[in-house]
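Being a predicted model, the structure only gives us computed values, none of them experimental. In the text below, chain A, chain B and the rest are named by the order of the sequence lines, each starting its count at 1.
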Amino acid sequence: MRWFLTLLHYECLLVLRSAKDIALMLGFGLIALSLMAITADPAWLSAAAPGMIWTVVLFSVLLMIERIFQHDRDSGRLDLLLSQPVPAWIIVLAKALGFWFQAGLPLILAAPMASLLMQLPLQILPDLLISLILGTPTLCLLATIGAALTLGARQPTLLVMVLVMPLLIPVLIFGALALERSLIGYSVLGDYLWLGVSLCLALACIPLGAVAINRNTTLPPDPN
Amino acid sequence: MPERFFAETHLDVVTENPRGSPVRFALSSGERLCVRGNNGSGKTTLLSALAGQPSNPNHPPMLRRYNTRSIVGQDSEFQAAIHWLGHRPGLGQALSIAEEWRFWYAMLATHTPNAPCPLAKIAGHVELDRPLDQAVETLSVGEKQKVALARLFLAPRAIWLLDEPDSHLDTASRNTLAGWMATHCAEGGLIVDCSHCTPSGGTTLWLDAKE
């Protein structure tokens with residue numbers, strides 16, 4: 001627990017100092033949405049908005065992937081951490097949570113702005129926020145695990161996209177479905193539950209990431 | 001003569017060396033082994049494998065015996081007894097000196113530290129004359145090395161594995177470093193280090209590159 005908190009504190013410091021990256025991501029997301037809003041037929045806009053918002057969220061998160069492990073790996077910090085008796089899954093979990101602070105939380109805070117841009121009615125804003133709060137942790141967690149799996153690859157972002165995109169599609173579908181149902185006044189509880197299930201499944205993938213960051217540090221079995 | 005701080009510690013290592021003849025050594029408390037060799041003779045590989053991190057998965061297995069335990073791969077008891085200073089300083093991104101030290105002070109402690117990190121004491125110890133809220137990135141390479149070396153004093157560990165600890169340091173700091181190593185050995189710790197300079201003490205192990 002102390003290890004986790006220390007690592008998380010470090011991640012938070014990094015987030016506070018990466019305002020430029022976060023601004024870039026939010027700028028990308030909001031510009032993409034406003035371009036869609038400008039070019040789309042107004043009659044068609046609010047029907048297409050849920051899918052558009054979730055697609056932009058997905059791409060914004062994927063934009064940030066390279067930052068998750070890159071510096072720690074290149075500077076030798078990750079090796080140093082792994083040379084300590086800290087379980088690797090704690091490192092992955094702290095990284096994922098830190099990545100959510102960096103990528104997920106700003107997107108949630110920017111959601112009201114996005115819903116204004118897409119001319120969504122104000123009463124579906126709570127549903128938008130709840131679905132983002134449930135969905136973005138899954139995106140961030142899977143992106144972190146993807147980044148761990150591709151550690152050391154030259155251009156990890158594209159590889160991670162190919163690797164984790166199929167896993168992220170359900171989140172996209174349930175998130176967009178929740179908004180669509182909310183728009184026509186149906187209950188969205190079922191979609192929330194599915195988003196929660198996705199999060200649980202993503203949590204279960206953490207050991208995969210832990211093995212991945214440890215991969216280069218595991219010795220072959222003792223021949224004797 | 002300082003009192004022996006660390007319990008009696010033994011370390012036996014046997015490993016293949018892909019670049020030369022097999023390596024075998026045994027160290028006990030108070031001893032220092034200086035690994036020397038030409039560039040590419042496998043010094044860094046040997047030290048990182050010793051720390052439980054072979055730089056490539058095909059590296060031949062290293063048999064280590066720590067006190068009475070045989071260790072293959074990573075072992076939490078052994079990992080908690082070593083300080084490994086790799087050839088990269090491993091400093092955090094955008095952190096200040098104080099934040100960097102507080103992080104490792106909390107990470108390296110074997111139990112929850114009940115005192116705050118003694119920053120001023122550490123800074124005096126490593127002779128770093130900078131404001132502690134200065135960003136590590138703005139320091140010179142030698143000063144970064146000092147910030148990294150300060151980890152040795154953030155938690156007492158019996159085994160120091162130092163990969164060219166004197167790189168980028170000025171002559172005065174090299175002498176200070178030699179003093180730390182002598183003190184550490186006198187306190188009952190043991191050191192495996194590699195360097196291109198003539199070591200100030202301990203035995204020397206030459207890694208010969210294959211013809």
Q. At a heavy-atom separation under 4.5 Å, does L13(A) approach chain B through its side chain, its backbone, both, or neither?
A.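 Contact with chain B involves the side chain of L13(A) alone.
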
In terms of heavy-atom proximity below 4.5 Å to chain A, should [X] be classed as side chain, backbone, both, or neither?
{"X": "L95(B)", "result": "both"}
{"X": "E99(B)", "result": "side chain"}
{"X": "I82(B)", "result": "both"}
{"X": "A109(B)", "result": "both"}

Q) Do we see a donor-acceptor contact under 3.5 Å between the side chains of D127(A) and Y192(A)? A)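 Looking only at side-chain atoms, Y192(A) and D127(A) do form a donor-acceptor pair, the distance falling under 3.5 Å.
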
Q.
Under a 3.5 Å threshold, yes or no: a donor from one side chain and an acceptor from the other, between Q134(B) and T138(B)?
A. yes

(Q) So that I can tick it off, tell me whether R88(B) and D79(A) are bridged by a salt bridge, with the cut-off set at under 4.0 angstrom between side-chain N and carboxylate O. (A)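 A salt bridge is present here (some side-chain N lies under 4.0 Å from a carboxylate O).
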
Q) Between F5(B) and H184(B), does the ring centre distance come in under 6.0 Å? A)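 When the ring centroids of F5(B) and H184(B) are compared, they turn out to be at least 6.0 Å apart.
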
Q) Hey, which of E77(B), R102(B), H87(B), E100(B) has the most heavy atom pairs under 4.5 Å with chain A? A)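 Heavy-atom pairs under 4.5 Å are most numerous for E100(B).
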
Q: Pick whichever of L5(A), D74(A), L78(A) has the most heavy-atom pairs under 4.5 Å with chain B.
A: D74(A)

Q) If we only count heavy atoms from C-beta on, is the L85(B) to L161(B) side-chain gap below 4.5 Å? A) no

**Q.** Contact check, side chains of D72(A) and K95(A), non-hydrogen atoms, under 4.5 Å
**A.** yes

